[in-house]
Each structure stands twice: as C-alpha cells, then as structure tokens.
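Quick note on labels: first sequence line is chain A, next is B, and so on, each numbered from 1.
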There are 2 protein chains.
Amino acid sequence: MEDDIYSLHAETCKVFSNPVRIRLLELMRDGKWHPVGEMQKTGGYGQANLSQHLSVMRGRGAIYSKKEGRQVFYRISDMRIIRAFDLIRAVISSGAKARGRLLEKGGY
Amino acid sequence: MEDDIYSLHAETCKVFSNPVRIRLLELMRDGKWHPVGEMQKTGGYGQANLSQHLSVMRGRGAIYSKKEGRQVFYRISDMRIIRAFDLIRAVISSGAKARGRLLEKGGY
DNA sequence: TAATTATATAAACATATTCGAATATAATGA
DNA sequence: TCATTATATTCGAATATGTTTATATAATTA
C-alpha cells in the first residue's frame, strides 16, 4: 500500500471489487442516509459481514456514517462514485453485447 | 465468481484494483496500440509479471491484443474506462482536500 | 537448422481477502 | 441495575492475489 497515485487509485477501486460492497453502494445510490438494519434486511447479509464491509468502505472514505440513538446510518460520500459505476456498467454491457455478436458469427 | 450483475461489476473493478494494472491502463490512455516491450521499459516491470497483468486485463475484456511479427500490442477496449478513472481520481483528490481541511481545524 | 528475440505459462511461495462464530460495546427500556 | 437492541471487533479457516524463477513457444535472423 504505497502512497503514489496509482496505489491510491488501486486502493480506492479495491473498495469496489467485491459484490457485497457494490450491492451496498447500489442500495445507497440515492445519496440518502441508510441505517445498517435496513441494509441487512434488504441485502440479506450476515450482521458481522455487513458491518465489516461498511467499515472497509468508511475507512476508504467511500461512505460517511452518523449515529442516532442506537442506530448507525451510512451514505455515499461522493456521487461521482455512482457516475463511475454507471460507466463501468455500460462498459460491461457493451462488452457482453460484442461477445454475443461474436458468438453468433461462430467466433468466441 | 457468480454471474449476477453485482459480481460482474465487482470482477470488472478487480481489474482496476492493482497499481500495476492502473499504471498500464494509464500508459494506454491514448487509446492506441502499445507493444509489450514499450510498456515494460516505461513501467520498469519484470517481464513475467507484466505479461500476467496484461493477461488478466485481456481475460476481463478491459484490453484487446493483436500480434504483429513477434510483438504483441495491447490497447484499451473501451475509453469509458478512462472516463471512470478520471471520476475516481476526482473523488480521491477532493476527499484528500476535505481531509486536509479537517486537519487544519484540528479534526482528523 | 540453430540462435535470438518477444512474449506467455507454470510452479512455488508470501500476503491479502472473505466469511462465519463468538464476543464486545453502546444506547435504551423494564 | 438487568435485559434487549443495534452495531462493531476479533479470530481462524478457506480462498484469492501478486511476485519471482524457471521454462515454453512463436517469429525472425544467421
């Protein structure tokens, strides 16, 4: 974990390299605060696992947290993360389409 | 490595979660074909290591390859990857600035 | 055909990630 | 104070990743 810009960039992307974390960020895509309990129900994840993933994202600055009573709420720290997500999704789906066309033509 | 959209998205981001691969994609940011040898010199990586990283990226569809004589050339498959990179960089740098302001004020 | 060049693949090892189980803590209510 | 609720932390096992060394292959040149 060096501190050059490539490592920083890679460390940030590491946050996005797990399906649970992607899903959680999608649940938070509206930019609003979400309590842990809600995400646990919706996502169907184990409590410890969920808490660990939230902690990773918080540590990397991808989400913010606030405490209210005994609940903890999280929200996305920067909506450009969602914009980047949508670009990556577009890349994935047009890649899939391209592979589909190849398949039709007998390529692979 | 399941095939739902969250896993696909995560697997794609995994490609971007390593500083060597980020650097290589930056070297290819112009969208042109680059021979392996050039990237090896510029990046200063070991031959096998470089080859493996290129292979990972190619396997995930992030880059394309073509062979000419004994050289192999690679290029980015979709420039939206670079657009996503730039968004992430912006997130990183404004996060850094925000932490800087906090630091000034005695927070952390 | 033998040597050289450019790149890929395999094997071995160290390190990192992920998950579940158990336990801890903090806020609230009885 | 004791119990309950909501969340966090710790630990260990399984799996994944990254690097290096050695070897393989394909194209070219002598």
Query raised in the report: Within less than 4.0 Å of OP1 or OP2 of D:dA8, is there a side-chain N or O belonging to A:R58?
Result: no

Report task. Look at B:K67 and C:dT7 and indicate whether a side-chain polar atom (N or O) is within less than 4.0 Å of OP1 or OP2. Result -> no

Query raised in the report: Which is true for B:G46 with a 4.0 Å heavy-atom rule: it touches a base, it touches only sugar-phosphate, or it touches nothing?
Result: nothing

Query raised in the report: Is the phosphate of D:dT7, meaning OP1 or OP2, less than 4.0 Å from a side-chain N or O of A:Y45?
Result: no

Query raised in the report: Quick one: which of C:dC19, D:dT7, C:dT9 gets closest to the side chain of A:S51?
Result: D:dT7

Query raised in the report: Is any side-chain N or O of A:N18 closer than 4.0 Å to OP1 or OP2 of C:dT17?
Result: no

Requested in this report: With heavy atoms under 4.0 Å as the rule, sort A:Y74 into base, sugar-phosphate or nothing.
Outcome: sugar-phosphate

Query raised in the report: Do B:Q71 and D:dA27 have a side chain to base donor-acceptor pair shorter than 3.5 Å?
Result: no

Query raised in the report: OP1 or OP2 of D:dT19 less than 4.0 angstrom from a side-chain nitrogen or oxygen of B:H53, does that happen here?
Result: yes

Query - Separation of atom CD in B:Q52 from atom C1' in D:dA24, rounded to whole Å - result: 14 Å

Requested in this report: Using a heavy-atom cut-off of under 4.0 Å over every strand shown, decide if B:Q47 touches base, sugar-phosphate, or nothing.
Outcome: base

Query raised in the report: Between D:dA8, C:dT18, C:dT7, which nucleotide has the shortest distance from any of its atoms to the side chain of A:V36?
Result: D:dA8

Query raised in the report: Just by distance, do the side chain of A:S65 and the backbone of A:Y74 share a donor-acceptor pair under 3.5 Å?
Result: no

